[in-house]
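On a predicted model such as this, the values are computed, not experimentally measured, just so you know.
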Amino acid sequence: FESPFEVKCTVSFNGVNFNTFSLPFLAYDDPVLTGAVYPGGGEEGGDAGTFCAAGDELTLQGTGFIETANAKVSIDSGVEEKAYVEAAVSPSGGVVFTMPELALSSGMATSADATDAAEGAEAADAAEAAEAVEGDGEGEAPTPEGTVRVWVDVAMNGQNFGGNSYPVYYKPPPRPDTAETDYGEGFDEE
């Protein structure tokens, strides 16, 4: 079958007699994600421009995309709740969305901070520190410095995500070095 294809549906309330009235709906195969094009122009496995930050536009590549106004992307950053954002199917065949600011688990945030701290070290020391912090398996592309891996999935109807998650690299916003607390007027800090 070519995706999408039309399916007609009829209903039976007793399991024997079906209505003569039927409604058509579109069925399609779940998309398969195969890559990402980052705002810096880089693609997976490249050195420069292979991460995105909050507010950046990211394009997911793959097969099985259909024209729809309902596409959504789910982003799993390792916390209990996934983030969901609206997406658009581009005429060139990708799914485009804007990366939101993501909540990260404390382990992931610490990992990105440790990689950022390694920037001032010598190149060999920085590479070793990033490898030790991230713990990438053999055969996987290295995680770009100062980023964390998050997983994205696409639902062409905005509801049913196929489970074909794809990793992308997210650069979290910098965390302040010190925490300042604003207690408001009339409160003494003693």
| request: Take Val89 and Ile66, measure what side-chain contact (heavy atoms from CB on, under 4.5 Å) needs, and give me the verdict at the end. | output: CA-CA 7 Å; Val89 179; Ile66 62 170; over 6 Å; no
| task | Among residues two or more places apart or on two chains, list those pairs meeting side-chain hydrogen bond (donor to acceptor under 3.5 Å, both in side chains) that have a residue in residues 153-164. | result | none
| message | Atom CD of residue position Glu81 - does it have more than 12 heavy atoms of other residues, nucleotides or ligands inside 6.0 Å? | response | no
| remark: Shortest non-hydrogen pair, Asp30 vs Gly162, comes out as OD2-CA, 3.5 Å
| query | Sub-3.5 Å donor-acceptor pair from the side chain of Tyr169 to the main-chain atoms of Tyr38, do we have one? | reply | no
| query | Below 4.5 Å, heavy atoms only, C-beta onward: do Gln61 and Val37 meet side chain to side chain? | reply | yes
| task | For Thr63, check side chain to side chain donor-acceptor pair (under 3.5 Å) against everything at least two apart and list the hits. | result | none
| Which distance, rounded to the nearest 0.5 Å, do you find between the CE of Met156 and the CD of Glu67? | 9.5 Å
| request: Can you sort out the partners of Phe97 under ring-ring contact (aromatic ring centres under 6.0 Å, His included), two or more places apart, ordered by chain and number? | output: none
| note | Of all heavy-atom pairs linking Ser74 and Phe161, the shortest is N-CE2, 3.5 Å
| task | Heavy atoms only: give me the nearest Val79-Leu104 pair and the separation to one decimal. | result | CG1-C, 3.6 Å
| message | For Leu60 and Val168: C-alpha separation, side-chain torsions, deciding distance, then whether side-chain contact (heavy atoms from CB on, under 4.5 Å) applies. | response | CA-CA 9 Å; Leu60 300 175; Val168 297; 4.3 Å; yes
| request: Looking only at non-hydrogen atoms, find the nearest pair between Gly146 and Pro172 and report the distance. | output: O-CD, 3.7 Å
| message | I'd like to check Thr10 versus Ser12 (side-chain heavy atoms, cut-off strictly below 4.5 Å). Are they in contact? | response | no
| request: Check side chain to side chain contact (heavy atoms under 4.5 Å, CB included) between Glu101 and all other residues, then give those that pass, not counting sequence neighbours. | output: Ala54, Tyr170, Pro173
| query | Taking the side chain as C-beta and beyond, is there a heavy-atom pair between Thr147 and Arg149 under 4.5 Å? | reply | no
| note | For residues 86-97, the salt bridge (charged side-chain N to carboxylate O under 4.0 Å, His left out) pairs (sequence neighbours left out) are Lys72-Glu86
| said: Using every non-hydrogen atom in the two residues, find where Pro39 and Asp56 come nearest and quote the distance to one decimal. | reply: CG-CB, 3.4 Å
| note | For Phe18, the ring-ring contact (aromatic ring centres under 6.0 Å, His included) test, sequence neighbours excluded, returns none
| remark: Rounding to 0.5 Å, atoms CD (Glu57) and OG (Ser90) come to a distance of 9.5 Å
| task | Please lay out, stage by stage, how Val95 and Thr59 fare under the test side-chain contact (heavy atoms from CB on, under 4.5 Å). | result | CA-CA 5 Å; Val95 172; Thr59 302; over 6 Å; no
| query | Got Val96 and Leu58 here, is their nearest side-chain heavy-atom distance under 4.5 Å? | reply | no
| Any link between Trp151 and Tyr166 through a network of hydrophobic side chains (Ile, Leu, Val, Met, Phe, Trp, Tyr) touching at under 4.5 Å? | no
| query | Any idea which heavy atoms bring Phe65 and Gly94 closest together, and the distance? | reply | CE1-CA, 4.0 Å
